[in-house]
Q: 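Pasting a structure below so you can have a look.
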Amino acid sequence: MPDFLRKHRLIPRLVMIWGPVIITIVLLRVTEPDAIQAIGGAGMATIVTGTIGILATAIALYLNKPGDQ
């Protein structure tokens with residue numbers, strides 16, 4: 001099984017799917033009018049920055065190949 005994971009790069013591809021899904025869910029929930037009032041501007045900026053950081057990390061993991069690949 002590890003050869004299958006390494007050959008098809010399954011883990012990085014799953015991370016690339018997981019990242020945008022998490023970002024979409026969080027941003028949809030944060031931009032609801034009730035959430036905007038409850039969280040406030042600074043809190044919302046922190047949440048949005050964190051979710052964009054998840055996508056940046058997922059892309060970096062996908063693009064950086066291990067030495068044996």
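Please read all numbers here as calculations on a predicted model, not as lab measurements.
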Q: If the test is side chain to side chain contact (heavy atoms under 4.5 Å, CB included), which one of Leu28, Val21, Leu27 qualifies with Ile25?
A: Val21

Q: I'd like to know if Ile59 and Ile17 are part of one continuous hydrophobic network [Ile/Leu/Val/Met/Phe/Trp/Tyr, side-chain heavy atoms within less than 4.5 Å].
A: no

Q: Report the residues that fulfil side chain to side chain contact (heavy atoms under 4.5 Å, CB included) with Ile54, sequence neighbours left out, ordered by chain and then residue number.
A: Trp18, Ile22

Q: Considering non-hydrogen atoms only, spot the tightest contact between Met44 and Ile39 and give its length.
A: N-CG2, 3.3 Å

